[in-house]
Protein chains: 2
Amino acid sequence: MAKRISHRDSMCGVARPLDAIGDWWSLLIIRDAFDGLRRFGEFQKSLGLAKNILSARLRNLVAHGIMDTVPASDGGAYQEYVLTRKGQGLFPLLVALRQWGEDFFFEPDEPHVTLVDRVTHLPVRRLELRAQDGRMLMAEDTVIVVPSPAGEYE
Amino acid sequence: MAKRISHRDSMCGVARPLDAIGDWWSLLIIRDAFDGLRRFGEFQKSLGLAKNILSARLRNLVAHGIMDTVPASDGGAYQEYVLTRKGQGLFPLLVALRQWGEDFFFEPDEPHVTLVDRVTHLPVRRLELRAQDGRMLMAEDTVIVVPSPAGEYE
DNA sequence: CTAATGTGGTTTTAGTTTGAAACCATGATT
DNA sequence: AATCATGGTTTCAAACTAAAACCACATTAG
């Protein structure tokens, strides 16, 4: 049923997460969830996607432990969808996406929504990749290493 | 032709980037590009996706300024696909995705590929979101603010 | 020079997925 | 009891995906 990015039996550390998230819509649902939305109808209104799709995506997110259904918070008889801890772990990814968007998809003077520190109301800092010793790293400064099957003695 | 996440005329700072990337495959192509792959055949072998799909994805990435075609590096008559600066800007996103994957998709002892600092060979640091003043921020410590249309005096 | 092979695609075609709209079940409201 | 709101599921046409066949050009072998 789920569309899998197949090919290799053991999907790599990038493909596995992508497979769990499911698709773009799911990411927008998750963003809305970080924004405080919880109800089916809220997500639908915010995103404007078909109800069957929303239904399927929420079900998939719950199945993958990214969101969870809870009975109700306002006493209503319906359920709500909330991020699990696993789902909350996606926040840096959303920030990275947003910052990339700010860099390349808006004119310098074009107004756009901004993620700010709740207490100071200043924009958050740029995400930056650093080495253990604190040096800032660019993509070229990194390598992927694969673990050797047995004890790795290099 | 491109599948658009429609609904709102002005897509938000998260949807716009998603739309440009295109789909999951594109993200895997980009990851492979960071890994040094450049040729059509290399991507196809690495990802195992159909050639027509790869062709369409590469075309889309080039159209969105994320990758670019260059004549050839080894003197051959074929072209190669390389990341533009815009494309390179996606590195933090891939790192975020990978780190999330490490956190939630592998058993603690399960071996997996790791992103390491090229000079020390130590794993890179975890991405962390910080305020301007350096305080570390969780998702709950942030807010989205929308710019007021005219001069914003709050 | 000619044939064989490798690379980088496009076209074709079937199967799957998507999404809009209609429908439906349950709970709340009048 | 009737009506409305919420939260879905079902139906069905259109769009997309993907495997395979095909093709053009470049390179290598003979």
Side-chain angles (χ1 to χ4, degrees), chain A residues 1-9 11 15 18-29 32-33 36-64 67-82, chain B residues 1-9 11 15 18-29 32-33 36-64 67-82:
Chain A
M1 172 163 226
K3 171 175 52 180
R4 309 212 139 261
I5 295 180
S6 49
H7 187 225
R8 302 204 175 265
D9 283 306
M11 287 194 299
L18 291 179
D19 188 62
I21 296 172
D23 71 353
W24 278 179
W25 282 123
S26 305
L27 222 40
L28 293 174
I29 292 168
D32 276 357
L37 271 52
R38 307 166 69 96
R39 299 282 286 248
F40 187 95
E42 291 178 322
F43 291 116
Q44 210 228 325
K45 184 141 65 87
S46 163
L47 298 173
L49 83 175
K51 296 202 287 180
N52 53 349
I53 305 297
L54 176 57
S55 179
R57 291 300 164 261
L58 286 171
R59 202 178 313 133
N60 180 72
L61 289 171
V62 170
H64 280 89
M67 300 190 84
D68 202 0
T69 54
V70 301
S73 67
D74 62 346
Y78 301 106
Q79 61 183 355
E80 300 186 338
Y81 297 88
V82 297
Chain B
M1 171 164 229
K3 173 175 49 178
R4 308 211 141 263
I5 295 179
S6 50
H7 187 226
R8 304 207 173 261
D9 284 306
M11 287 194 298
L18 291 178
D19 188 63
I21 296 172
D23 73 352
W24 278 179
W25 281 123
S26 304
L27 222 41
L28 294 174
I29 292 169
D32 276 358
L37 271 53
R38 308 166 68 97
R39 299 283 285 249
F40 187 95
E42 290 178 323
F43 292 116
Q44 210 229 324
K45 184 141 65 84
S46 163
L47 298 173
L49 84 176
K51 296 203 286 182
N52 52 350
I53 304 297
L54 176 58
S55 179
R57 291 301 164 257
L58 286 171
R59 203 178 312 131
N60 181 71
L61 289 171
V62 170
H64 280 89
M67 300 191 84
D68 202 0
T69 53
V70 300
S73 67
D74 62 346
Y78 300 106
Q79 63 183 351
E80 300 185 338
Y81 296 88
V82 298

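Hydrogens, waters and symmetry mates are skipped; everything else that's a heavy atom, side chains included, is used.
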query = What one-letter contact string describes nucleotides 2-11 of chain D from 5' to 3', where B marks a base within less than 4.0 Å of any protein heavy atom, S marks contact via sugar-phosphate atoms alone, and - marks no contact?
reply = ----BBBBBB
key: For Ala50(B), all residues meeting side-chain contact (heavy atoms from CB on, under 4.5 Å), sequence neighbours excluded   = Asn52(B), Ile53(B)
inquiry  = In whole Å, I'd like the distance from the CD1 atom of Ile53(B) to the C1' atom of dA14(C).
reply    = 14 Å
ask   = Whole Å only: how far is the CG atom of Leu28(B) from the P atom of dA18(D)?
value = 12 Å
message = Expressed as a whole number of angstroms, how long is the span from Arg38(B):CZ to dG8(C):P?
response = 13 Å
task = Take atom NZ of Lys45(B) and atom C1' of dT7(C), then tell me their distance rounded to the nearest Å.
result = 13 Å
ask   = With Asp23(A), which residues qualify under salt bridge (Lys or Arg N to Asp or Glu O under 4.0 Å), at least two apart?
value = Arg57(A)
message = Applying salt bridge (Lys or Arg N to Asp or Glu O under 4.0 Å), can you list everything that pairs with Arg39(B), at least two apart in sequence or on another chain?
response = Asp74(B), Glu80(B)
Under-4.0 Å side-chain N/O to phosphate OP1/OP2 contact, Trp25(A) with dT18(C) = no
request  = Could you tell me which residues satisfy side-chain hydrogen bond (donor to acceptor under 3.5 Å, both in side chains) with Gln79(B), sequence neighbours excluded, listed by chain and number?
outcome  = Tyr81(B)
key: d(CG, Leu49(A); P, dA21(C)) in whole Å   = 13 Å
remark   = Atom CH2 of Trp24(A) and atom P of dC16(D) are separated, to the nearest Å, by 16 Å
ask   = Residues two or more places apart in sequence or in another chain: which of them pass side-chain hydrogen bond (donor to acceptor under 3.5 Å, both in side chains) with Ser55(A)?
value = Arg59(A)
ask   = Where the side chain of Trp24(B) meets the backbone of Gly22(A), is there a donor-acceptor pair that is under 3.5 Å apart?
value = yes
key: Integer-rounded Å distance: dT18(C) P and Asp23(B) CG   = 12 Å
ask   = Whole-Å distance between dA19(D) P and Gln44(B) CD?
value = 10 Å
